[in-house]
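Notes follow the structure.
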Amino acid sequence: MARWIRTILAYVIAALIGGIATTLLSTQVVLLYLAGAGADIPFAVRNEAMLADLTGFAPTIVALTAIGFLVALPAAALISRWLGGLRTVGYGLAGFATIAVMVTAIEVYYQSVLGVGITPIAAARDLWGLVVMALGGAFGGWTFALLAPARD
């Protein structure tokens, strides 16, 4: 298979995995907050919440992750070449940064442009939730590092 085709496939798979992982982690953070407030959340409800988020929230997050990866992954490639290594770590950090920047940008947009004082993504109401969500992006970046062909 041609190198460029492998790279594009790796990008698509990484964006899908990163976006889906971010969605599922976001769901779990919200459910954890609800459980911490005293809500009883049985396993069946957790599954329903995950399925609802996979059909409702994931398509948007996957699309935004794909857009963010168009900037972050080439930047990580350049930086890792400049540093002479750390390819896997670099792509993982690029994925992490993609989600962290994207979620923060959405919140800034809501507050400054729309004048709405809410956090549109509930899991990111605090730093811990944002970091957990960004781990989904890191997983997508790591996936890209594993699947994309390395430069010689």
Side-chain angles (χ1 to χ4, degrees), residues 1-33 41 43-114 119-152:
M1 182 179 315
R3 176 184 174 77
W4 67 273
I5 293 174
R6 284 186 54 209
T7 302
I8 290 171
L9 285 174
Y11 161 77
V12 170
I13 292 168
L16 282 169
I17 288 177
I20 290 169
T22 297
T23 298
L24 294 175
L25 288 168
S26 173
T27 304
Q28 294 309 309
V29 168
V30 170
L31 293 174
L32 182 66
Y33 289 156
I41 305 172
F43 189 71
V45 171
R46 286 185 181 277
N47 283 339
E48 287 176 33
M50 286 190 298
L51 287 174
D53 281 352
L54 285 172
T55 57
F57 186 53
T60 301
I61 294 298
V62 168
L64 292 173
T65 300
I67 292 167
F69 277 7
L70 285 174
V71 174
L73 297 179
L78 289 172
I79 292 167
S80 70
R81 272 188 235 127
W82 180 67
L83 292 175
L86 303 174
R87 182 176 183 270
T88 303
V89 172
Y91 284 128
L93 288 173
F96 185 95
T98 296
I99 301 301
V101 168
M102 173 185 65
V103 171
T104 302
I106 291 169
E107 186 171 334
V108 167
Y109 176 79
Y110 265 68
Q111 292 174 359
S112 63
V113 176
L114 299 179
T119 303
I121 300 176
R125 286 192 178 132
D126 61 18
L127 181 60
W128 183 86
L130 179 62
V131 167
V132 170
M133 284 184 69
L135 289 173
F139 189 60
W142 177 74
T143 300
F144 183 80
L146 292 178
L147 298 178
R151 286 225 168 196
D152 298 328

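What you see is a predicted model, and the numbers here were worked out from it, not measured in a lab.
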query = Do Val103 and Thr22 pass the side chain to side chain contact (heavy atoms under 4.5 Å, CB included) test, and can you show the C-alpha distance, the side-chain angles, and the key distance before you say yes or no?
reply = CA-CA 11 Å; Val103 171; Thr22 297; 5.8 Å; no
request  = Looking only at non-hydrogen atoms, find the nearest pair between Leu32 and Trp128 and report the distance.
outcome  = CD2-CH2, 3.5 Å
ask   = Roughly how far, to the nearest 0.5 Å, is CG of Leu130 from OG1 of Thr104?
value = 5.0 Å
remark   = So CG of Leu93 and OG1 of Thr88: to nearest 0.5 Å the spacing works out to 11.0 Å
task = In sequence, state the C-alpha distance, the side-chain angles, and the governing distance for Leu70 and Tyr11, and then conclude on side chain to side chain contact (heavy atoms under 4.5 Å, CB included).
result = CA-CA 9 Å; Leu70 285 174; Tyr11 161 77; 3.4 Å; yes
inquiry  = Which heavy atom of Ala94 sits nearest to which heavy atom of Ala76, and what is that distance?
reply    = CB-CB, 3.7 Å
request  = May I ask you to decide if Ala145's main-chain N or O and Arg87's side chain share a donor-acceptor pair within less than 3.5 Å?
outcome  = yes
query = Which atom names give the shortest non-hydrogen contact between Ala15 and Val62, and what distance separates them?
reply = O-CG1, 4.1 Å
task = Check Phe69 against Gly137 and note the closest heavy-atom contact, atom names and distance.
result = CZ-O, 3.8 Å
ask   = To the nearest 0.5 Å, how far apart are OG1 in Thr65 and CD1 in Ile20?
value = 10.0 Å
request  = Report, as yes or no, whether the 6.0 Å neighbourhood of atom OH on Tyr33 holds more than 12 heavy atoms from other residues, nucleotides or ligands.
outcome  = yes
query = According to the interplanar angle, ranging from 0 to 90°, do the rings of Phe144 and Tyr91 count as parallel (below 30°), tilted (30 to 60°) or perpendicular (above 60°)?
reply = perpendicular
Between CD1 on residue Ile61 and CE on residue Met102, distance to nearest 0.5 Å = 4.0 Å
query = Can you tell me how far CG of Leu25 sits from CZ of Phe139, rounded to the nearest 0.5 angstrom?
reply = 10.0 Å
task = For the pair Ile121 and Met133, evaluate side chain to side chain contact (heavy atoms under 4.5 Å, CB included) and give the outcome as yes or no after the intermediate values.
result = CA-CA 10 Å; Ile121 300 176; Met133 284 184 69; 3.7 Å; yes
note = In terms of heavy-atom contacts, Thr23 and Ala58 come closest through OG1-CA, 3.4 Å
query = If you round to the nearest 0.5 Å, how far is OG1 of Thr143 from CG of Leu16?
reply = 10.5 Å
query = Are the side chains of Leu24 and Leu54 in touch, meaning some heavy atoms are under 4.5 Å apart?
reply = yes
ask   = Which pair of non-hydrogen atoms, one from Leu147 and one from Arg6, has the smallest distance, and what is that distance?
value = O-NH2, 3.7 Å
Expected output: side-chain Arg3 to main-chain Ala150 donor-acceptor under 3.5 Å = yes
